[in-house]
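What follows is a short report on a single structure.
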Amino acid sequence: MTAITGTHSVHCGGRTITRPEVEDFLYSEADILDRWDYDGWLALFEPGARYEIPTTDYRPGWSPHETGSFVDDDWDLILARVKRLKSRKAHAENPHSRTHRLVSNVRLSEHTEDSFRVAASFVVHRARDGRFDAYVGWYEHVLVPTGDGLRFRLRRSILGHESLAAGARLSFIL
Amino acid sequence: MGSNPRTVPAPMIVEDWDQLTFRVNREAYRSAEIFTRERGWVWTHTWLYLGHETEIPNPNDFKVRTLGGRPLIFCRDTAGEVHAFLNSCPHRGTVLCRESEGSTRLFQCFYHAWTFRNNGDLAAIPDADAYESSDEFKASMGLRSVPRLEIHEGYVFVAFDPDVPPLLEHLGDAADYMTMIEQQHVGGMTTLPGTQQYSVRGNWKLAVENAMDGYHFAPTHNTFVGYLRESGFAVTDDNQYAYNLGNGHGLLVLTGHGGRISMLWEPRFGEDERVRTEQHRAEMTQRLGEKRAHYVADESHILFVFPNLLLFDIEGLSIRQLEPVAPDQTDVRAWQLVPRDEDPAARALRMKTVVSFVGPGGLATPDDIEAYEAVQRGIQATAGTAAPELDYSDMSRGMADEVKGAQGRSTDEGAMRGFWRHWVDAVGIDDGLAVHGERPTTFLEGRDVR
């Protein structure tokens with residue numbers, strides 16, 4: 001198996017992408033989300049991209065087209081979600097939650113001609129309404145190298161919880 | 001309640017037909033005593049929604065689930081019969097099945113290795129000869145079934161009280177709206193894997209009120225309404241009604257809040273779906289007749305079946321089950337119900353569309369949750385006040401029309417009033433309801449949809 005060394009870099013889109021480059025991309029995204037810069041967040045996607053959060057009983061191989069899920073956003077819905085979150089009428093996030101994200105265990109794999117997969121772990125802490133919740137799980141993203149840097153083709157957050165804890169709705173980007 | 005000091009103030013509900021006001025005591029949402037009463041009365045002596053038959057499609061399938069705080073095994077035995085067992089070893093009470101779902105012929109307790117068949121029979125006790133009259137003893141040690149289990153259109157209900165009336169009597173007019181869902185597609189409906197399981201910091205009755213409340217739709221879901229309008233759907237409150245179905249059940253009839261996959265087309269569903277919808281509608285008219293097809297296809301319904309089942313028959317179909325955990329906490333489980341053998345493109349569109357609205361990650365449900373969590377926090381403001389008459393929530397909207405005998409609108413609060421009148425009986429609080437003035441002799445209930 002070359003899996004262990006293989007997580008350091010992938011060849012994709014005519015160049016070599018290294019793990020530090022991907023880590024910087026994910027750290028920047030975490031920072032953008034924690035600063036509630038949703039235009040900045042949208043700029044990290046290629047048009048036509050998807051955003052998914054499966055349910056907590058998710059099993060590998062499930063398709064959001066064939067199962068229930070928490071988030072099953074195509075590009076139009078990503079745009080609608082961002083527009084909503086920027087509105088002061090998004091009551092579930094007005095005032096905004098205070099979030100703090102940690103991204104770790106980044107691994108690169110399965111590159112095709114123009115895209116590759118990234119697995120990572122996340123912890124998102126969220127303060128709101130005098131409460132403090134934690135969301136933990138894994139990212140399973142598909143990224144695309146472009147002339148302007150990396151972009152999401154698929155952004156998928158898979159929760160590690162057995163169910164969403166009290167108050168822990170997914171009203172912000174996980 | 002014997003010598004227990006009374007901490008719940010009477011009355012819980014005040015109906016005033018002179019002032020046309022209906023008020024609910026806020027202790028209903030926060031009192032530990034009320035919560036205990038609900039567990040002991042409502043959740044013990046009423047039919048409860050357990051799950052859908054299609055969640056356990058094959059012999060030996062099982063799910064575990066908690067209902068009214070009681071751990072249960074919901075399973076199909078080797079012969080295909082549906083059961084609900086208390087998930088507790090008859091020997092010493094250990095939780096017997098600690099998986100959340102799966103397939104098995106036998107349930108074995110890990111503690112002392114007692115083993116049971118999935119029809120409830122005791123299969124084996126290690127070293128059974130240590131028990132006097134072993135056969136008789138073994139015969140008394142089967143899994144404990146819930147006293148009653150009945151199924152309507154695939155919806156499995158259980159009761160912990162053997163003396164509840166037949167399920168169809170309890171469901172009353174609600175039963176036909178469940179049948180209408182099953183009639184939507186010629187092959188019937190099935191649940192999908194991918195259960196939305198989440199928990200809300202709010203009383204379970206706030207979730208019921210929220211579902212039966214068309215008044216909140218425009219202000220609370222401003223951003224979702226905006227999304228619908230931008231995608232070409234003219235959102236309106238016209239011709240939308242609320243029905244009190246009796247026995248605590250309620251129904252919202254909605255026509256202006258969005259299209260319905262394979263029933264009622266709207267631009268955001270795309271041209272392919274328009275063709276599929278036309279074909280499906282022609283098939284429905286032939287199968288069900290014009291009138292029935294109209295009620296099945298052209299209206300969205302939000303049906304509440306007292307006390308723990310909500311059916312959102314809107315863009316798509318969601319089953320939502322409420323499980324009270326504490327006065328201020330409710331676990332919610334939601335399944336998507338879909339036509340069997342649905343066209344894959346229609347299925348994908350359906351899942352995207354349903355999820356975009358309902359569930360804790362959608363564009364609308366989080367605002368509902370925010371609303372009733374905010375109620376739960378806010379009602380502390382009037383707790384224990386020097387002016388106890390202020391410690392009430394108002395649900396008077398539409399009472400003037402109710403007196404005139406006019407059908408309640410979805411933006412009125414008549415369906416909630418039906419719920420609360422039934423609730424106050426169901427929790428068995430003496431003097432729980434105070435009526436002032438002359439009450440209408442009957443309330444409008446149901447309608448002819450056949």
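Just so it is clear, the structure is predicted and the values come from calculations on it, not from any experiment. Quick note on labels: first sequence line is chain A, next is B, and so on, each numbered from 1.
A 4.5 Å side-chain heavy-atom check between A:Phe116 and A:Val22 finds at least one atom pair inside the cut-off. A 4.5 Å side-chain heavy-atom check between A:Leu170 and A:Ile53 finds at least one atom pair inside the cut-off.
Considering only heavy-atom pairs separated by less than 4.5 Å from chain A, the leading option among B:Pro193, B:Ala348, B:Ser100 is B:Pro193. Counting heavy-atom pairs closer than 4.5 Å to chain A, the top residue among B:Gln197, B:Glu101, B:Arg201 is B:Arg201. The most heavy-atom pairs under 4.5 Å with chain A, out of B:Ile369, B:Thr195, B:Val354, come from B:Thr195. For the options B:Asp367, B:Val200, B:Asp331, heavy-atom pairs under 4.5 Å to chain A are most numerous at B:Asp367. Your options are B:Val332, B:Leu192, B:Val355, and the one with the most heavy-atom pairs under 4.5 Å with chain A is B:Val355. With respect to chain A, the highest number of heavy-atom pairs below 4.5 Å among B:Gly362, B:Ala371, B:Ser231, B:Gly361 belongs to B:Gly361.
For B:Gln329, the part lying near chain A is the side chain, with the backbone staying farther off; criterion is any non-hydrogen pair under 4.5 Å. The part of B:Arg377 that comes within reach of chain A is its side chain, from C-beta onward, which places non-hydrogen atoms under 4.5 angstrom from that chain. Looking at B:Glu342, neither its backbone nor its side chain comes within 4.5 Å of chain A, counting heavy atoms on both sides. Heavy atoms closer than 4.5 Å to chain B are found in the backbone of A:Pro64, but not in its side chain. For B:Gln336, the part sitting under 4.5 Å from any heavy atom of chain A is the side chain, from C-beta outward, and nothing else. Neither the backbone nor the side chain of A:Arg88 comes within contact range of chain B, judged by heavy atoms closer than 4.5 Å. Looking at A:Ser87, only its side chain comes within 4.5 Å of chain B, counting heavy atoms on both sides.
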Full working for ring-ring contact (aromatic ring centres under 6.0 Å, His included) between A:Phe172 and A:Tyr135: CA-CA 12 Å; A:Phe172 57 96; A:Tyr135 303 71; 5.3 Å; yes
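You'll find the ring centres of A:Phe25 and A:Phe152 inside the 6.0 Å limit.
Tested against A:Phe122 for a ring pair (Phe, Tyr, Trp, His ring centres under 6.0 Å), the candidates A:Tyr139, A:Tyr27, A:Trp138 yield a single pass: A:Tyr139.
Other residues, nucleotides and ligands place more than 12 heavy atoms under 6.0 Å from the CG atom of A:Asp37.
Under the 3.5 Å distance criterion, the side-chain polar atoms of B:Thr365 are matched with a main-chain donor or acceptor of B:Gly359. B:Arg274 places no side-chain N or O within donor-acceptor distance of the main-chain N or O of B:Phe269, the cut-off being under 3.5 Å. Within the 3.5 Å criterion, the main-chain N or O of B:Ala346 finds a donor-acceptor partner in the side chain of B:Asp343.
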